[in-house]
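No experiment lies behind these values; they were computed from the predicted model shown. Throughout, a chain's letter reflects where its sequence line sits, starting with A, and its residues are numbered from 1.
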There are 2 protein chains.
Amino acid sequence: MTDPGFAKKPTLKDVARVVGVSVNTVSAILNGGAKADRYSESTCERVRLAACELGYMPNPLARTLKRSRTRLLGVVVISQQDSYYASVLQAAEEVVLDAGYEFVLADMSEDAERLPQCLNLLTAWRVEGILAVLGGHNVDRAPLTQVWDARTPVVLVGAHRPEDPFPCLYLDNTGAARQIGRHLADLGHQRVGILGGYESNAHSMERIEGLRSVFQELGTPIPDSCVVLHRERNYELAAGYQDVELLLERAPGVTAVVCVNDATAIGAMTRLHEMGYSVPRDMSVSGFDDLFLGNASKPENRLGLHVRPSLTTLRMPVTGIGRHAGEALTKLVHATADGVDCELPPAEFGAELVVRDSTAPPRIRAGCARVPRKG
Amino acid sequence: MTDPGFAKKPTLKDVARVVGVSVNTVSAILNGGAKADRYSESTCERVRLAACELGYMPNPLARTLKRSRTRLLGVVVISQQDSYYASVLQAAEEVVLDAGYEFVLADMSEDAERLPQCLNLLTAWRVEGILAVLGGHNVDRAPLTQVWDARTPVVLVGAHRPEDPFPCLYLDNTGAARQIGRHLADLGHQRVGILGGYESNAHSMERIEGLRSVFQELGTPIPDSCVVLHRERNYELAAGYQDVELLLERAPGVTAVVCVNDATAIGAMTRLHEMGYSVPRDMSVSGFDDLFLGNASKPENRLGLHVRPSLTTLRMPVTGIGRHAGEALTKLVHATADGVDCELPPAEFGAELVVRDSTAPPRIRAGCARVPRKG
DNA sequence: CTGAAAGCGCTTACAG
DNA sequence: CTGAAAGCGCTTACAG
């Protein structure tokens, strides 16, 4: 009993009936490949013509059921909303499409608890491999390990944990943070504040630690009062906008604010401006990511260029990470399909310091507080 | 011959064998529903336990092949990159997921020619309906009409064309543009420049026409020299950054620049700043969209608040459009499945003028040119 | 209360 | 050069 509403698509059988041959003949011819050669030119012609006229399209569901391979790859992402992850996915998808696979996407919507159900969705679709884009979020990876142990290839983009059995692509957050730390120290800053993300977020924590290590070594360690962590949705414009005020209350002497990402930094600059601070004269501000809108290849699409002052930040190689992830996953899937082993080492990605106008030497040396008029 | 590499997932047959019942028993019990009642409690228990222990998961491919319905919905989008469309999709997806469907996505990557092949991909997957998000892009809709004629429900988010047989959700671009036109006229502007998109882009053209109509009626029509259209990738930061300079060369007397979207406006403001113009004192600037980063519900996440000066713009109801689209599509699909007719009228969405700091009265009345120092 | 059988649309050895 | 048959994993009348 077919539903009355939906149009039925023609099948192999329909084509076969029209031409007067068997279904396997049609299948062999339409699939091209070596087997099609065995049929006479005229049969091939008639089959192709009929298929075209009927508007025949092979049903990938049926094909997939018969073949042992689905050519489907799963992606589970902590948040599709976040343009950082969206860019990684975009790049990964290009690679994967070129390799003849398709992505099935499951979005955790920032909820760490959702990993098991997302993984269930993907394995139900019989994906041949899974790309997990978790970034710094604190997610229990046991379900991923389970999938891996069941011989489904997994590639993780996120904080590296040595116990993970699957290959991991991760950012050198500590090194990146040390770059900005040294930059600020070179400028003469001695009292730096930090706007971070969740306490449980590895990226946030590594960046904070990296920064602190620089000032620790210089003999001007950053006290806890200069670090503000965010509770709810972090990494947003709104977060920086709110938190910078808190930071200034707690740590009035700071001359620079390092923010855990660009959005936070931009939000912070807006609030600072409202409060009567002039950046970078009264306060240096920096971000992470070098966020872009639209096409990453045009330098003018970097958002940090379009705020006043332009934003000093650390550029993350999102496209490179995405591409690498796509390649690693297809490589693993191929190896698994061929039954051969394939060890992929973890890969670290570095950031590039982009100095713009939001950082400058502190106006008053040696952390003595200046209290501008409140906006 | 199964591939050696991939783990085989347990099937209904495996569960049946373990429990010692037939596959249809297992199927009926696991699918729950009314039929499960016919089986004894103990059988049900044993089946459920075995399924759980084996880690059985129904194969949706096989299920879909047997049933006449896939519960798959297709989405074809002109550009996933564009955060405007991404937000529409996000909202639509939520609705559709709640209704028990899943999205299959095909991205045209800004290439109008790609519609047929995207549609092919989606119909190959036997989607039960298609959401086409084309915005103002000039895309030949014949392939969409064909799909519709083959009784696959289609909902379009994009410029309204009366000949389209499928329901359409569109923006009142003319009305929106007239709002910003009146706002500028009220401020005293008489010579307004425009930064548009492609000539073939309906949104861009409607906005330009709407704006021109206001000044036409006021007796100060906008000459062609005050309108700059963009060729390549429009709607980007880079586009506004480049084009505003061109506009000022061609039309030195303008006191306000209306941009076709926020990104263009932000790019234009940056270049104006570099050239020594002060916005809004020397030049008013406005956008379209009220673009946001991250979570739309927090007002501080609107990007227009974080540029200096903050951006006057027209807020588009992206979330509302997406939700409406999801609802319209599921409604149509349900109707089609039930074999009943369902006419959905086109729906127009209005924009809301958000006045911020980038628009102000012109410093010098009556379009006499002022040439600031070149940056 | 339970099972045998047919079939969704396709592919893949195997025969001829 | 071509076809008959089995089967991928599931569901759905139909028998008993």
Side-chain angles (χ1 to χ4, degrees), chain A residues 1-3 6-47 51 54-72 123-126 128, chain B residues 1-3 6-47 51 54-72 123-126 128:
Chain A
M1 195 189 74
T2 61
D3 283 282
F6 292 106
K8 268 197 85 54
K9 304 277 187 309
T11 70
L12 269 189
K13 214 200 284 185
D14 297 321
V15 181
R17 193 179 329 106
V18 167
V19 185
V21 293
S22 69
V23 282
N24 34 77
T25 304
V26 180
S27 170
I29 290 174
L30 258 29
N31 282 337
K35 287 166 194 164
D37 295 345
R38 308 188 313 198
Y39 295 88
S40 70
E41 248 329 297
S42 85
T43 316
C44 290
E45 269 319 300
R46 278 155 57 221
V47 165
L54 286 170
Y56 169 75
M57 308 182 64
N59 186 332
L61 265 43
R63 168 176 295 177
T64 265
L65 186 59
K66 191 64 191 86
R67 290 182 178 165
S68 44
R69 302 196 50 179
T70 58
R71 304 215 68 103
L72 255 30
T123 55
W125 277 99
R126 305 307 195 254
E128 301 183 2
Chain B
M1 194 189 75
T2 59
D3 283 283
F6 293 108
K8 272 198 81 55
K9 304 277 188 310
T11 70
L12 269 189
K13 216 199 283 188
D14 297 322
V15 181
R17 191 178 329 108
V18 168
V19 184
V21 293
S22 69
V23 281
N24 35 77
T25 304
V26 179
S27 171
I29 289 173
L30 258 29
N31 282 337
K35 287 164 194 166
D37 295 347
R38 308 187 312 199
Y39 295 88
S40 72
E41 247 330 298
S42 84
T43 315
C44 291
E45 268 319 302
R46 277 157 54 222
V47 165
L54 286 170
Y56 170 75
M57 308 183 64
N59 185 331
L61 265 42
R63 169 177 294 175
T64 265
L65 186 61
K66 190 68 192 83
R67 289 186 179 158
S68 45
R69 302 197 52 180
T70 59
R71 303 215 70 103
L72 254 30
T123 56
W125 277 99
R126 306 308 195 252
E128 301 183 3

In whole Å, what is the span from the CG atom of B:Asn24 to the P atom of D:dT12?
12 Å
Pairs involving residues 16-28 of chain B, ordered by first then second residue, that meet salt bridge (charged side-chain N to carboxylate O under 4.0 Å, His left out) (sequence neighbours left out):
B:Asp14-B:Arg17
Integer-rounded Å distance: C:dC8 P and B:Trp125 CH2
20 Å
Out of D:dG3, C:dC10, D:dC10, which has the shortest distance to the side chain of A:Val21?
D:dG3
Counting only side-chain heavy atoms from C-beta out, which of D:dC10, D:dG3, C:dT11 sits nearest to B:Thr11?
D:dC10
Between P on D:dC10 and CE on B:Met57, what's the gap in Å once rounded to a whole number?
11 Å
To the nearest 0.5 angstrom, please state how far the OG1 atom of B:Thr11 sits from the OH atom of B:Tyr56.
7.0 Å
Would you kindly give the NZ-to-C1' distance between B:Lys66 and D:dG7, to the nearest whole Å?
15 Å
N/O donor-acceptor pair under 3.5 Å between B:Arg126 side chain and B:Ala124 backbone:
yes
Looking only at side-chain N and O atoms, does A:Thr64 come under 4.0 Å of OP1 or OP2 in D:dC8?
no
By nearest atom, which of the nucleotides D:dT11, D:dT2, C:dC10 is closest to the B:Arg63 side chain?
D:dT11
Whichever of B:Arg46 and B:Ala62 has the more 5' nearest nucleotide on DNA chain C, that residue is B:Arg46
Whole angstroms only, please: what is the CD-P distance between A:Glu41 and D:dC1?
10 Å
Starting from C1' on D:dG9, measure out to CG on B:Leu54 and report it in whole angstrom.
15 Å
Counting C-beta onward and ignoring hydrogens, is there a side-chain heavy-atom pair between B:Thr70 and B:Glu128 closer than 4.5 Å?
yes
Quick one: OG on A:Ser27 to CZ on A:Arg63, what's the gap to the nearest 0.5 Å?
7.5 Å
Pairing stems for DNA chain D [at least three consecutive pairs; Watson-Crick or G-U; under 3.5 angstrom]
C:1-3 with D:14-16, C:5-12 with D:5-12, C:14-16 with D:1-3
For residues A:Lys9 and A:Asn59, determine if any side-chain heavy atom of one lies less than 4.5 Å from a side-chain heavy atom of the other.
no
How close or far is atom P of C:dG3 from atom NZ of B:Lys13, stated in whole angstroms?
16 Å
Can you measure B:Arg126 atom CZ to C:dG9 atom C1' for me and round it to whole angstrom units?
9 Å
Does A:Ser27 have a side-chain nitrogen or oxygen under 4.0 Å from the phosphate oxygens OP1 or OP2 of C:dG9?
no
Would one find a side-chain N or O of B:Arg67 under 4.0 angstrom from OP1 or OP2 of D:dT12?
yes
With a 4.0 Å limit, can you tell me whether B:Tyr39 has a side-chain N or O closer than that to the phosphate oxygens OP1/OP2 of C:dG3?
no
Can you find a side chain N or O atom of B:Ser22 that sits less than 4.0 Å from OP1 or OP2 on C:dT2?
no
Looking at every strand, decide which applies to B:Asn59 at a 4.0 Å heavy-atom threshold: base, sugar-phosphate, or nothing.
sugar-phosphate
The residue among B:Val21, B:Ile29, B:Leu54, B:Thr25 that forms side chain to side chain contact (heavy atoms under 4.5 Å, CB included) with B:Val15 is B:Leu54
Is there a side-chain polar atom (N or O) of A:Ser40 under 4.0 Å from OP1 or OP2 of D:dT2?
yes
